[in-house]
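All remarks here apply to the structure that follows.
So that the names make sense, note that chain A is the first sequence line, chain B the second, and so on, each numbered from 1. Computed from a predicted model, the values in this text were never measured in an experiment.
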There are 2 protein chains.
Amino acid sequence: MSWSRHGRGPGERGYHHGNLREALIRAALDLIVEKGPGGFTFAEAARAAGVSAAAPYRHFRDREALMADVARQGFQRFEAALAAAWNEGRPEPLRAFEDLGKAYLRFAREEPAYYTAMFESGLPLVLDGELRQASERAFQVLRGAAETLCGLLPRPQRPPALMLALHVWALAHGIASLFGRGDGARRALPMPPEELLEAAVLGYLRGLGFGAQG
Amino acid sequence: MSWSRHGRGPGERGYHHGNLREALIRAALDLIVEKGPGGFTFAEAARAAGVSAAAPYRHFRDREALMADVARQGFQRFEAALAAAWNEGRPEPLRAFEDLGKAYLRFAREEPAYYTAMFESGLPLVLDGELRQASERAFQVLRGAAETLCGLLPRPQRPPALMLALHVWALAHGIASLFGRGDGARRALPMPPEELLEAAVLGYLRGLGFGAQG
DNA sequence: AGCTCATGTGAACGGCTTTTACATCAAGCC
DNA sequence: GGCTTGATGTAAAAGCCGTTCACATGAGCT
């Protein structure tokens, strides 16, 4: 399946690109990971795709719209990664919850461009309905897992699932944001981020009344 | 006390500004809070100070150096705010630790420009020794508090203080980053961030073996 | 008064964003 | 096949920003 360029040899193209929208998104991902969300440039993405600086405006309203599209796509993949790790609580809720946490950090580490666009690009989440919904759906995976977990506890000591979800999200995001990128630009850690998160979540859950054995 | 402008009336100035360095930092703080770390512009800071676009280069190597100076100053104030809240563990370590957490979020809320420059401007912390040291000193306040807290537990169940400090830092930063700014641009919360953090820390500490009563 | 150095100016260069008028081409229709 | 049309690309231009450079100003010292 020709991914672009209507049957011409690789590297060539005619007047039209054939898949500029996708090419721009890929270029944006590379640039974001390389120079941060602020360093990414519409013009450079256009150069990477081999088109003029004005061409991207046929596919995105402006630079921010491209960033928002990257973030939206990122939230979709994030949701899928989290849902796969949670796996509806199998084989066992506490274990699946740990897998969910690991998947969170793995996504931040392996898809730093998406994660950056999603959480550190300064996009006004409120203004873009689709973006907000994508982010909401990803959070609902975590929230659902929290509901299942809370359901394990006897009613009188059952904490609000929303609160549990927010706590774990903040923890995971804090670790990802402060220590979680491969570059280690911000701070060295005495242990891998995954272990740091696992220890924190286990301690936190124990405090909530979950037995240490699960 | 004339804050600038050698005795001229307010709003006027001669060829020299008199306090351009400080004026640029103040302008940067205003712009960062208004348009984010990426929207802040060297040229606009210069306009706000009433000087030409080239003048700032007499005081900062480049735009990033001004941002780094803002961040460095922010870390110093941050350290002072955290140390004052911790107050060497008085009146009582667990209570002082909660105060420390509240001070963290209060700083993020009341000084969003500093907090943004410190944690969300994409500054390469590693490259600037002074910046790194300022950030390190702020973290040491948290670390010291964690040491004191851990000292309360009997040796066999005593967790590593560094780990406790990292956990609480990640939690506080996660909450500040996701929900902590006044604008609420990212997500609404069913409770104030301070309460969210307090509940998380209390639960976490309980799991570590701290009695609920302190 | 005169010197000097820190500090500010204006002009210039290159890069980025965005808009506008125009070019190209694939596809459908006669 | 020729024509029209709409999507997609281009070049050029205006405006902003970062940065540098040669030059101007003036505060403080001698």
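When heavy atoms are screened at a 4.0 angstrom cut-off, B/T41 is found touching the sugar-phosphate backbone but no base atom. Within the 4.0 angstrom heavy-atom criterion, only backbone atoms of the sugar-phosphate kind lie near B/A43; the bases stay farther away.
To the nearest angstrom, P of C/dT17 lies 12 Å from CG of A/L24. Regarding A/F60, its CZ atom lies at a distance of 12 Å from the P atom of D/dT8, rounded to whole Å. The separation between B/F40 atom CZ and D/dG18 atom P is 8 Å, rounded to whole Å. We find that CZ of B/F42 is positioned 10 Å from P of D/dT20, with the value rounded to whole Å. Going from atom CG of B/L66 over to atom P of D/dC17 covers 15 Å, rounded to whole Å. Separating the CG atom of B/D62 from the P atom of D/dC17 is a distance of 17 Å, rounded to the nearest angstrom. Nucleotide D/dG18 holds its C1' atom 15 Å from the NZ atom of A/K35, rounded to whole Å. Between A/R61 atom CZ and C/dT17 atom C1' there is a gap of 13 Å when expressed in whole angstrom units.
If you look at A/F75 and A/Y114, their ring centroids are not closer than 6.0 Å.
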Original post:
Does the side-chain contact (heavy atoms from CB on, under 4.5 Å) test come out yes or no for B/F78 and B/M118, once each step is laid out?
Top reply: CA-CA 10 Å; B/F78 193 49; B/M118 289 154 62; 3.6 Å; yes

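Relative to the side chain of A/R47, the nucleotides C/dC16, D/dT19, D/dG9 differ in distance, and C/dC16 lies closest. Closest approach to the B/A54 side chain among C/dG10, D/dT19, D/dT10 is made by C/dG10 (side chain taken as heavy atoms from C-beta onward). In this structure, of C/dT18, C/dT9, D/dG9, it is C/dT18 that holds the atom nearest to the side chain of A/Y57. Of the candidate nucleotides C/dC22, D/dC17, C/dT19, D/dC17 has the atom nearest to the side chain of B/E44.
Distances shorter than 4.0 Å separate none of the side-chain N or O atoms of B/R58 from OP1 or OP2 on C/dG8. The side chain of A/H59 places an N or O atom within less than 4.0 Å of a non-bridging phosphate oxygen (OP1 or OP2) of D/dG9.
In summary, B/D69 and B/R21 engage in a salt bridge, as defined by a charged side-chain N under 4.0 Å from a carboxylate O. For A/D99 and A/R95, the salt-bridge test passes: some basic side-chain N is under 4.0 Å from an acidic carboxylate O.
Shown here for B/L66 and B/L24, the closest heavy-atom pair between the two residues is CD2-O, 4.3 Å.
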